[in-house]
Amino acid sequence: MSRPPSPKVSNIRRAICLSILLQAGASLAAEKAVPKNPVKPSSKVVEKAPAKTPDIVEGLIEHEKKSYQDWLDDADEPPAVYLPGSRSGVEVYSPAFRDEESQVLCHDPALPELLEMTGAESDARETVLNLQRLRVREKVGDACLARPGDRVVAVGRGWQEERTLDAFVIQREKPACAEEPPMGLWMTFDHPLPEDPLFVTTDPTVLPKDNLFIPAEQYAVAPAGPEMLGRLKGVVQFPEDFRVTLISVGATDADAIVLFERRNLTPDDDGLPAMVAAVITKDSIQTLWTERVDIRRGTGRFEFLGTLDMDGDGVRELVFSGIHQTCPYTTVFRRAEDGFEPVPLLVRSCRC
């Protein structure tokens, strides 16, 4: 009589059968995974080159660079203008410029709109315009006759230095009228000046040089005598109401500068001359500049700064600086056929 298999032996047999089945299954899976025509391994590894696709972003960048350069190259020389400036740049447009007809370099470039196009805050102290943007470039090009790369000459007291215009910058400034945007359009220089200039010009006849500036302090100053006062009666209505000073400039075709300054200012003088400058030449006396009594907005004042020869023609220009309605300014007079004429230097007003 046979004995039934012990549980231990039975378990061993089950384990052996299960192992055989697992090994058979693994072999079958391996055979299915191996391709029918396997490729023999090679000792040399060959890397597949990536497909050559055009870089769209880089192409757009290059197109914008070329478009910007074409815009810079497609420009004539700017007209001869005389503008206020600083050590770092020149103001090419301001809503507060007094004489709108003289704004020949830029005509209202819509500064708030330019700020919006650039994506800058409206109350930022200054914002450099991104001329790489087509819309900004078109807006500036439609409004202004100056572009980066243009040449200007800054005129100072004894010096004139050439600079290259670099970038358009919107700067905040005090508006003359409440409805005007509180900002102006400047162009920066490629490198700063040694000091603030008297003015900046695009005039090609003004060259970088020593302009032989002579300050007013170096000229002889004296009160006008009775004979001279008699000669000056036509300049102001009541000469006795003024202190009259004679400055012997000795410049070509100009013997002296005469300054009239009202002795006492009263409300009854509102609108009357507060200060008057005249020039005495060999044949005539010509009134150059007048600031009037202004009780409401502030009475203007000026002073004679000196003489210089900015264009190298041997005839000295007469330079004055003053304050009109609390705003500072510089004014220059040059010799013309029938006397002296003001250089059309734009002046910013502080009041509407």
Side-chain angles (χ1 to χ4, degrees), residues 77-94 97-99 102-106 144-146 148-166 169 171 184-219 247 249-254 257 277 279 288-289 302-324 327-336 340-348:
E77 293 295 324
V81 295
Y82 303 84
L83 300 164
S86 68
R87 291 187 63 211
S88 59
V90 57
E91 189 165 23
V92 294
Y93 171 79
S94 172
F97 280 158
R98 288 190 211 167
D99 187 2
S102 297
Q103 299 185 39
V104 294
L105 199 60
C106 283
C144 295
L145 300 177
D150 286 341
R151 165 258 191 209
V152 295
V153 172
V155 178
R157 304 186 189 200
W159 55 269
Q160 294 177 186
E161 294 193 10
E162 190 174 82
R163 290 293 184 272
T164 299
L165 299 180
D166 192 19
V169 178
Q171 290 189 9
L185 183 62
W186 288 68
M187 291 195 74
T188 57
F189 298 141
D190 53 342
H191 58 285
L193 297 167
E195 62 185 20
D196 286 344
L198 296 169
F199 59 90
V200 179
T201 181
T202 57
D203 189 341
T205 66
V206 179
L207 303 175
K209 66 182 183 68
D210 183 345
N211 56 34
L212 308 175
F213 176 74
I214 299 177
E217 295 80 5
Q218 294 187 18
Y219 288 115
I247 305 173
V249 293
T252 305
D253 291 335
I257 299 294
V279 59
L288 295 176
W289 199 248
F302 62 82
E303 63 176 336
F304 176 59
L305 288 184
T307 65
L308 52 78
D309 181 10
M310 67 177 181
D311 50 13
D313 63 355
V315 180
R316 288 183 169 275
E317 286 75 40
L318 311 174
V319 185
F320 294 81
S321 70
I323 295 178
H324 181 80
C327 250
Y329 65 85
T330 299
T331 184
V332 181
F333 295 87
R334 60 188 173 192
R335 195 72 171 97
F340 281 84
E341 65 179 11
V343 172
L345 177 59
L346 290 179
V347 178
R348 189 170 57 241

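Just so it is clear, the structure is predicted and the values come from calculations on it, not from any experiment.
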Does any non-hydrogen side-chain atom of Cys327 lie less than 4.5 Å from one of His324?
-> no
Distance (rounded to the nearest 0.5 Å) between Asp196 CG and Ser88 OG | 8.5 Å
State, yes or no, whether a side-chain contact exists between Phe302 and Thr331 at a heavy-atom distance under 4.5 Å.
-> no
Calculate, to the nearest 0.5 Å, the distance between atoms CD and CD1 belonging to Gln218 and Ile247 respectively.
-> 13.0 Å
Under 3.5 Å, is there a donor-acceptor pair between the side chain of Thr201 and the main chain of Val81?
-> yes
Is there a side-chain contact between Leu207 and Val153 (heavy atoms, below 4.5 Å)?
-> no
Measure across Leu145 and Pro78 and return the closest heavy-atom pair with its distance rounded to 0.1 Å.
-> O-CB, 3.8 Å
Measure the CG-CG distance between Leu346 and Leu83 for me, rounded to the nearest 0.5 Å.
-> 5.5 Å
CD (Glu195) with more than 12 external heavy atoms under 6.0 Å | yes
Heavy-atom distance under 4.5 Å between the side chains of Pro197 and Val155, does that happen here?
-> no
Would you call Tyr93 and Leu105 a side-chain contact if the rule is heavy atoms closer than 4.5 Å?
-> no
So Phe333 and Trp289, would you call those rings parallel, tilted or perpendicular, with 30° and 60° as cut-offs?
-> perpendicular
May I ask you to decide if Pro192's main-chain N or O and Arg163's side chain share a donor-acceptor pair within less than 3.5 Å?
-> yes
In chain order, what residues pass the side chain to side chain donor-acceptor pair (under 3.5 Å) check against Ser94, with sequence neighbours excluded?
-> Glu173
Sub-3.5 Å donor-acceptor pair from the side chain of Asp150 to the main-chain atoms of Leu165, do we have one?
-> no
Within 45° cone of Phe97 ring axis and under 6.0 Å: Arg348 NZ or CZ | no
Correct closest heavy-atom pair for Phe199 and Leu345 would be CB-CD1, 3.5 Å
Any side-chain heavy-atom pair of Cys144 and Met187 under 4.5 Å = no
Please name the pair of heavy atoms, one in Arg316 and one in Phe340, separated by the smallest distance, quoted to 0.1 Å.
-> O-CE2, 4.1 Å
Applying side chain to side chain donor-acceptor pair (under 3.5 Å), name anything that partners Gln160, two or more places apart in sequence or on another chain.
-> Asn211
Correct closest heavy-atom pair for Asp309 and Lys209 would be O-NZ, 2.6 Å
Looking at Glu91 and Gly184, what are the two nearest heavy atoms and their distance?
-> OE2-CA, 3.8 Å
Just wondering, do Ile257 and Tyr219 contact through their side chains at under 4.5 Å, heavy atoms?
-> no
Partner residues of Asp311 under the side chain to side chain donor-acceptor pair (under 3.5 Å) criterion, sequence neighbours left out = none
For the side chain of Glu317 and the backbone of Met310, is there at least one donor-acceptor N/O pair under 3.5 Å apart?
-> yes
Evaluate side chain to side chain contact (heavy atoms under 4.5 Å, CB included) for Val332 paired with Leu198, printing each intermediate quantity in order.
-> CA-CA 9 Å; Val332 181; Leu198 296 169; 5.9 Å; no
Determine whether more than 12 heavy atoms belonging to other residues, nucleotides or ligands lie under 6.0 Å from atom CZ of Arg334.
-> yes
Which atom of Phe189 lies closest to which atom of Val90, heavy atoms considered | CZ-N, 4.0 Å
Flag the pair Val249 / Phe304 as yes when at least one side-chain heavy-atom distance between them is below 4.5 Å, and no otherwise.
-> yes
